[in-house]
Amino acid sequence: MQTQQIFLFFIGIVALAGLVAFFSGRSKAQRVRASGAEMYAQPDQYGWFTAISSSGPALLVGLAAVVAIATADIDIEGMQLLIASLVVAAVGLVIGLALVKPDFHARNAIETLIRYVLIGAAMISIVTTFGILVSIIFEAIRFFQMESFWTFITGTTWDPGNSFQMAAGRGEGVESTANFGAVPLFAGTFMITLIAMLVAIPIGLLAAVYMAEFAPESVRTVAKPVLEVLAGIPTVVYGFFAAITVAPLIVDIFSPLGIEASYNNALAPGLVMGIMIIPFISSLSDDVITSVPDTMRQGSLALGMTHGETIRNVILPAALPGIISASLLAMSRALGETMIVVMAAGMRPNLTANPLEDMTTVTVRIVAALTGDQEFASAETLSAFALGLVLFVVTLLLNMVSVVLIRRFREKYSANNL
């Protein structure tokens with residue numbers, strides 16, 4: 001049998017075992033209940049418990065086999081896996097049926113299992129985050145063993161030079177001209193992100209206020225889905241739009257004013273990226289504003305405030321923590337954008353405060369460093385991990401600052417309402 005056939009057959013066997021166990025457990029519970037015994041749960045709940053006790057361990061056996069094959073390179077025959085799963089499912093069925101008793105709380109057992117499953121799902125994100133961080137740190141350490149950390153975070157010139165030849169052993173007698181100053185990359189990243197946020201926050205927040213407070217239901221049901229379509233457009237399409245339409249338009253606007261603008265400039269991707277992340281702010285802010293209790297609106301209006309004053313002085317302060325969270329999510333999305341920058345801003349590290357010049361971002365350089373025919377042990381390739389580590393730390397600091405701001409505002413707002 002092929003691997004796919006074995007996998008499908010395994011899933012079918014587990015599903016069949018769970019189905020048989022469900023009906024067996026429910027049938028036994030119905031018989032016990034019909035005999036006059038008082039049960040602590042419904043027959044269906046006993047059936048679900050029996051199904052879980054039978055198919056759950058069988059699934060764990062399959063998962064363990066997959067992990068063993070992937071990590072330890074252990075050769076496991078498909079028939080062996082099926083036999084082991086059936087044996088485990090049969091043992092689980094016997095144990096589950098034995099526990100179908102009047103004094104057994106099947107519902108509590110199921111709820112406990114569900115709670116552990118939810119805890120496991122929550123832990124997956126935490127473990128994944130730590131796994132990503134650890135994988136980045138080890139490679140970043142290798143880079144900082146080659147290059148100075150202080151030069152990396154304070155240098156103003158990014159030029160890998162002949163680091164590839166030096167790492168490959170082809171640069172004997174050649175002095176390395178590599179410069180790994182990351183300041184131009186982070187300056188370009190923050191410049192484009194700032195432009196995007198200056199576009200997205202006002203438009204997104206005003207759109208959210210309109211849809212939540214002023215728009216009729218007929219308009220809201222059409223406008224909100226249409227606005228959210230912007231989030232589903234591929235970034236390469238936004239890149240085409242920025243490079244072909246917005247960038248030349250910027251050049252045409254500034255040329256009559258005597259201001260020189262490059263066709264690869266930071267303003268174009270910043271504007272287009274701002275349009276792209278508007279749905280993140282508008283949709284989430286709309287949900288937050290809508291969730292503000294109507295009693296707060298009615299109380300404000302009863303005290304003589306106008307609708308606009310109620311929005312400004314009551315609704316927006318109450319919804320501000322959620323608005324900050326939405327803005328942070330949009331900022332994280334902008335910090336990680338690559339395709340729009342490549343197509344509209346270029347790939348040249350350029351330390352400048354002029355958004356009409358070309359520049360690049362951290363994510364673009366990471367992609368450039370990890371693609372091509374460079375040696376993995378070269379400083380240029382390993383610099384991608386160092387850039388990723390610093391970007392991870394910057395994003396983490398932004399999250400921490402936002403959490404502090406949200407907590408302080410909530411405390412202040414709660415104190416004012418006392």
Asks: Cut-off 3.5 Å, side chains only: do Thr363 and Thr338 have a donor facing an acceptor?
Replies: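 There is such a pair between these side chains.
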
Asks: Can a donor-acceptor pair be found, under 3.5 Å and without considering hydrogens, that links the side chain of Ser285 to the backbone of Ile281?
Replies: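 Such a contact is found between Ser285 side chain and Ile281 backbone.
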
Asks: May I ask you to decide if Ala122's main-chain N or O and Ser125's side chain share a donor-acceptor pair within less than 3.5 Å?
Replies: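 Checking the backbone N and O of Ala122 against the side chain of Ser125, a donor-acceptor pair under 3.5 Å is found.
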
Asks: Return yes if a side-chain donor-acceptor contact under 3.5 Å exists between Arg31 and Ser27, otherwise no.
Replies: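 Arg31 vs Ser27: donor-acceptor pair found between side chains.
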
Asks: Ignoring hydrogens and angles, tell me if any N or O in the side chain of Glu337 forms a donor-acceptor pair with the backbone of Ile340 under 3.5 Å.
Replies: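 Pair found, side chain donor or acceptor close to backbone of Ile340.
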
Asks: Are side-chain heavy atoms of Ile153 and Val183 found at a separation under 4.5 Å?
Replies: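 When only atoms from C-beta onward are counted, Val183 and Ile153 do not touch, as no gap falls below 4.5 Å.
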
Asks: Applying salt bridge (Lys or Arg N to Asp or Glu O under 4.0 Å), name anything that partners Asp294, two or more places apart in sequence or on another chain.
Replies: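 Applying salt bridge (Lys or Arg N to Asp or Glu O under 4.0 Å) to Asp294 gives Arg297.
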
Asks: Hey, does Ile315 have a side-chain heavy atom less than 4.5 Å from the side chain of Met296?
Replies: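 Not in contact.
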
Asks: List the steps, then state whether side chain to side chain contact (heavy atoms under 4.5 Å, CB included) holds for Leu316 with Ile323.
Replies: CA-CA 9 Å; Leu316 289 182; Ile323 295 173; 4.1 Å; yes

Asks: For Met339, does the CE atom have more than 12 heavy-atom neighbours from other residues, nucleotides or ligands under 6.0 Å away?
Replies: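 Count not over threshold, so no.
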
Asks: Give a yes or no answer on whether the side chain of Asn265 reaches the backbone of Ala261 with a donor-acceptor pair at less than 3.5 Å.
Replies: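 Pair absent, no side-chain N/O of Asn265 close to backbone of Ala261.
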
Asks: Is there a donor in the side chain of Arg33 and an acceptor in the side chain of Gln42, or the other way round, less than 3.5 Å apart?
Replies: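 Judged by distance alone, the side chains do pair up.
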
Asks: Above 12 or not: heavy atoms from other molecules or residues under 6.0 Å from CZ of Arg348?
Replies: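 Yes, CZ of Arg348 has more than 12 neighbouring heavy atoms, counting only those of other groups under 6.0 Å.
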
Asks: Excluding sequence neighbours, so at least two apart, what forms side-chain contact (heavy atoms from CB on, under 4.5 Å) with Ala207?
Replies: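 Ala207: side-chain contact (heavy atoms from CB on, under 4.5 Å) contacts with Leu227, Ser282.
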
Asks: For residues Phe143 and Phe180, establish whether the separation of their ring centroids is below 6.0 Å.
Replies: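 They qualify: ring centres under 6.0 Å apart.
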
Asks: Could you check if a side-chain atom of Met347 sits within less than 4.5 angstrom of a side-chain atom of Asn264, using non-hydrogen atoms only?
Replies: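 With C-beta onward as the side chain, the pair stays apart.
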
Asks: Between Lys224 and Asp287, is there a side-chain N and carboxylate O pair less than 4.0 Å apart?
Replies: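 Salt bridge present between Lys224 and Asp287.
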
Asks: Taking the side chain from Ser325 and the backbone from Pro321, do they hold a donor-acceptor pair closer than 3.5 Å?
Replies: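 Indeed, once roles are kept as given, a pair shorter than 3.5 Å links the two residues.
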
Asks: Do the ring planes of His307 and Phe214 sit parallel (below 30°), tilted (30 to 60°) or perpendicular (above 60°)?
Replies: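 Tilted, since the angle between the ring planes falls between 30° and 60°.
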
Asks: CZ of Phe104: more than 12 outside heavy atoms within 6.0 angstrom?
Replies: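 Yes, because the 6.0 Å sphere around CZ of Phe104 holds more than 12 heavy atoms from other groups.
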
Asks: Checking the side chain of Tyr238 only, and the main-chain atoms of Ile275 only, is there a donor and an acceptor separated by less than 3.5 Å?
Replies: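 Not confirmed, Tyr238 side chain does not pair with Ile275 backbone.
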
Asks: Do Leu97 and Ser24 touch side chain to side chain, with heavy atoms closer than 4.5 Å?
Replies: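 They are in side-chain contact.
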
Asks: Check whether any side-chain N or O of Asn350 sits under 3.5 Å from a backbone N or O of Asp358 as a donor-acceptor pair, and report yes or no.
Replies: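 Checked: pair present.
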
